[in-house]
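Data block below; observations after.
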Amino acid sequence: MTLLLLYLLKVSVCIAAFYLVYTVTLSRETFFRLNRFVLLLAIILSIILPVWTLTITKENITSPEIRQEAFVGELSSQQILSSDKVSYGWKETIPIVILSIYFAGALILLFKYLYGILQIIRIIKNSRKEIFSNIKLYIFQKSVIPFSWFRNIIISEEDYISVKEIIIEHEKAHIRLKHSYDLSFINTIAVFQWFNPIFWLLRKELITIHEYQADNRVLKNGIDARKYQYLLISKGTVQSFSIPVVNHLCSGNFKKRIKMMLKDQSNPNKAIKVLFLIPLLAIAVAVFAKTEYVISPPDVSLSNENVISPPDVSLSNEIVTSTPNVSSTSESIKEPQRDTKVNRDQIVPVTIMKNGTYSLGQWSSYSSNKNINEANRDNIDQVIKDIVSKMKYPKDSIHFFIKFEEGDSRTVNSDHLKSLLDALKNNGIKSISSENKSNEYMQLKKGVLSVKINDAGLFLVNNEFVRNSNEVEYLLKKHIEKLKSASNEPIIAEVQTSDKTPIESLNMLKDILQKENITNVNYRYEKKLQANEEFPKSLLTNIPKFLAGQIIYPEDAKKSGAKGEFYVKIKSEKGVIKLAEVIDIKDDFDTPRCGSVFIIGYGRSTEITTEKSNEAETAKGLALIKDELLRATALLSQYEDSEWKNANYNFVIHVIFQIR
């Protein structure tokens with residue numbers, strides 16, 4: 001929507017610039033054919049230039065600027081955070097109103113032109129026809145200003161009797177010069193540029209040039225100039241029926257036409273003034289040029305894994321003591337690619353199989369083949385050494401990501417994990433992380449309505465998170481109806497709250513349950529264990545502000561149309577990130593949450609078809625966003641704040657990615 005408005009604005013600016021240069025340089029000259037060509041070319045270029053961009057590839061050591069905005073928003077219960085349900089404020093409705101007005105005007109003009117064509121067809125059907133050298137002449141009984149339409153000339157009975165030779169000669173000139181094709185083209189563009197006053201001036205100028213050319217042909221064919229000029233004046237002062245989609249005898253400014261007939265031919269050398277259009281064309285190309293950056297040194301392009309978390313608790317001490325976290329060294333933190341087609345990986349995913357073997361995935365995009373290396377406990381050290389030797393990165397920037405065959409470290413032998421860690425240590429790899437997914441999910445009991453209310457007054461109803469307090473009643477009713485349809489047993493409501501749950505939220509729940517005749521309610525109040533340190537209020541806003549300056553909207557994610565809301569669970573120890581994972585908010589409902597970070601990406605005019613991206617590209621874009629969140633979150637280890645550095649914290653950061 002915004003891209004369409006931006007494109008129309010760019011076209012209008014181009015038309016205005018070309019018309020201004022034309023007016024200053026060529027409008028007063030008698031180069032009718034050249035002027036006609038320049039005006040038509042100006043319209044064509046104005047349509048093409050905003051979407052036809054010159055790509056400039058540029059090597060840049062520093063990261064180029066990305067087209068995005070980032071800001072921190074306060075998370076309130078009234079905010080609609082769902083990417084599927086968008087709340088429009090007055091600022092968001094402005095483009096909708098403008099587009100509605102635009103399309104209304106375009107439709108009105110389109111119907112006007114279609115009605116004009118129907119009028120021509122009606123006149124032709126009700127006229128007497130004669131043939132003059134492959135040109136059809138239609139003589140209409142009523143008064144009408146003479147005009148031509150492709151190879152048809154329409155003239156009134158009165159003009160046919162009195163001045164048919166002059167009129168036919170004039171309209172034959174229009175037909176031979178194919179002016180009807182120009183008009184069809186410019187009238188089509190007018191439907192889309194109806195709001196642009198400069199376009200209408202250009203259209204009028206083109207029609208006037210058509211008349212200059214026709215007048216010149218008439219005079220060259222021996223028609224008396226005075227008699228012809230008198231005819232123009234007499235017809236121009238008489239009110240007659242005319243049609244807006246064609247050139248008629250009195251089109252344009254007939255006073256200017258008479259002056260142009262009396263004017264001497266311009267010096268041919270003055271035609272060189274057309275070259276003034278070249279600098280304008282160069283400026284337009286430069287303005288709409290697209291720069292692609294190839295960043296040096298290479299960027300990290302994280303894998304498409306959604307979650308990075310520490311291994312199982314039973315193995316955590318072994319891993320932490322052997323290897324520092326990826327976020328502990330600044331060398332391992334690289335910004336993602338921006339505006340580049342270069343895809344460089346320095347992430348090595350290693351999957352530990354249940355049978356004790358290892359599968360090492362893609363490790364270098366410099367290779368034409370995506371290498372998959374198989375290893376066992378006997379040769380894992382040598383395989384890692386071979387991989388590292390072939391990568392074009394220092395060891396400090398290579399990151400190994402450990403995965404497990406079934407997503408859970410408990411499914412593999414701990415000795416196999418230890419062998420892998422020893423091999424990584426022997427090869428000087430310090431940047432390591434692993435995943436630990438559990439396949440166990442809570443099974444809801446039949447006939448039980450599970451409701452949790454957290455400290456912020458937000459609801460979790462049968463594992464469905466309510467993103468807007470106005471939807472609480474709707475969501476509760478929906479789940480109650482499901483339970484009623486599944487069983488005739490009475491519904492039991494199990495409500496879990498804490499000592500910090502807002503009383504207003506609890507009272508609202510009680511009222512809804514009472515309305516739905518749910519009387520069997522079990523309230524369970526859990527007094528939360530006091531953490532080592534209370535999460536400071538200052539960090540609730542300062543951490544989102546810090547991350548807002550670090551998070552980058554991946555360019556490939558923007559192009560694929562990937563967007564939405566994401567939650568990152570973070571665990572820190574004395575200012576160092578020990579855990580960072582992208583979660584579903586319902587997976588950790590009661591962890592303290594910081595204010596929201598909004599990342600707004602702006603697409604280019606060449607990306608108008610973003611919504612047509614296939615599902616695979618969108619999924620890849622979402623994975624890139626999640627990887628970017630993990631990269632940016634790791635930078636919190638560099639955040640300088642006394643409260644942050646001197647304590648341990650568990651919290652969730654909420655990030656919303658939008659495209660405009």
Heavy-atom distance under 4.5 Å between the side chains of Lys270 and Asn267, does that happen here? yes

List the steps, then state whether side-chain contact (heavy atoms from CB on, under 4.5 Å) holds for Ile43 with Phe18. CA-CA 8 Å; Ile43 297 173; Phe18 280 117; over 6 Å; no

Rounded at 0.5 Å granularity, tell me how far CG in Leu232 sits from CD in Glu211. 8.5 Å

Separation between OG of Ser184 and CD1 of Ile117, rounded to the nearest 0.5 Å: 7.0 Å

Using the ring pair (Phe, Tyr, Trp, His ring centres under 6.0 Å) criterion, which residues pair with Tyr138? Sequence neighbours excluded. none

Are any of the side-chain heavy atoms of Pro146 and Asp159 separated by less than 4.5 Å? yes

Throw together a table of side-chain donor-acceptor distances under 3.5 angstrom for residues 94-113, partners on residues two or more places apart or in other chains.
{"residue": "Ser100", "atom": "OG", "partner": "Ile96", "partner atom": "O", "Å": "2.8"}
{"residue": "Tyr102", "atom": "OH", "partner": "Phe192", "partner atom": "O", "Å": "3.0"}

Against Tyr553, only a single residue in Leu624, Ile659, Ile600 fulfils side chain to side chain contact (heavy atoms under 4.5 Å, CB included); can you say which? Ile659

Could you list the residues that satisfy side chain to side chain donor-acceptor pair (under 3.5 Å) with Gln265, not counting sequence neighbours? Thr30

Can a donor-acceptor pair be found, under 3.5 Å and without considering hydrogens, that links the side chain of Lys263 to the backbone of Arg28? yes

Kindly say whether Arg122 contributes a backbone atom to a donor-acceptor pair with the side chain of Asn126 at under 3.5 angstrom? yes

With the side chain counted from C-beta on, respond yes when Ile198 and Gln193 share a heavy-atom pair under 4.5 Å apart, and no when they do not. no

Does the side chain of Ile625 reach to within under 4.5 Å of the side chain of Phe566, using non-hydrogen atoms? yes

Under 3.5 Å, which donor-acceptor pairs do the side chains of residues 272-280 form with other protein atoms, sequence neighbours left out?
{"residue": "Lys273", "atom": "NZ", "partner": "Thr25", "partner atom": "O", "Å": "2.9"}
{"residue": "Lys273", "atom": "NZ", "partner": "Glu29", "partner atom": "OE2", "Å": "3.1"}

Quick one: list whatever passes salt bridge (charged side-chain N to carboxylate O under 4.0 Å, His left out) with Arg128, sequence neighbours left out. Glu130, Glu157

Flag side-chain contact, heavy atom, 4.5 Å: Tyr22 against Leu202: no

For Ser46, give me all partners under side chain to side chain donor-acceptor pair (under 3.5 Å), at least two apart in sequence or on another chain. none

Only counting residues at least two apart or in another chain, list the ones meeting side-chain contact (heavy atoms from CB on, under 4.5 Å) with Lys227. Ile166, Asp224

Where at least one partner belongs to residues 154-181, residue pairs that pass ring pair (Phe, Tyr, Trp, His ring centres under 6.0 Å), sequence neighbours excluded: Phe150-Tyr181, His170-His174, His174-His179, His179-His210

Side-chain heavy-atom pair Val655, Phe657 within 4.5 angstrom cut-off: yes

Going by heavy atoms in the side chains, are Glu205 and Asn35 under 4.5 Å from each other? no

Got a sec, which residues hit side chain to side chain donor-acceptor pair (under 3.5 Å) with Asn221, two or more places apart in sequence or on another chain? Glu169

Evaluate the side-chain proximity of Leu114 to Leu118: yes if any heavy-atom separation is below 4.5 Å, no if none is. no

Qualifying salt bridge (Lys or Arg N to Asp or Glu O under 4.0 Å) pairs, either residue in residues 178-202, two or more places apart: Arg36-Asp182

Pairwise distance CG(Leu39) to CD1(Ile209) - rounded to 0.5 angstrom: 4.5 Å

Can any side-chain N or O of Gln229 pair as donor or acceptor with the backbone N or O of Ile258 at less than 3.5 Å? no

Measure the spacing between CG of Leu231 and CD1 of Ile167 and express it to the nearest 0.5 Å. 5.5 Å

Quick check: does any side chain N or O of Asn216 sit under 3.5 Å from a backbone N or O of Tyr212, one acting as donor and the other as acceptor? no

Is the number of heavy atoms from other residues, nucleotides or ligands within 6.0 Å of CD (Gln658) greater than 12? yes

With sequence neighbours left out, the residues meeting salt bridge (charged side-chain N to carboxylate O under 4.0 Å, His left out) with Arg217 are none

Spacing of Leu219 atom CG and Ile223 atom CD1 [to the nearest 0.5 Å]: 8.5 Å

Would you call Glu617 and Lys620 a salt bridge, using N to O less than 4.0 angstrom? no

Non-neighbouring partners of Arg151 that pass side-chain contact (heavy atoms from CB on, under 4.5 Å), sequence neighbours left out: Asn134, Ile135, Ile175

Would you compute the distance between atom OG of Ser560 and atom CG of Leu622 and round it to the nearest 0.5 angstrom? 7.0 Å

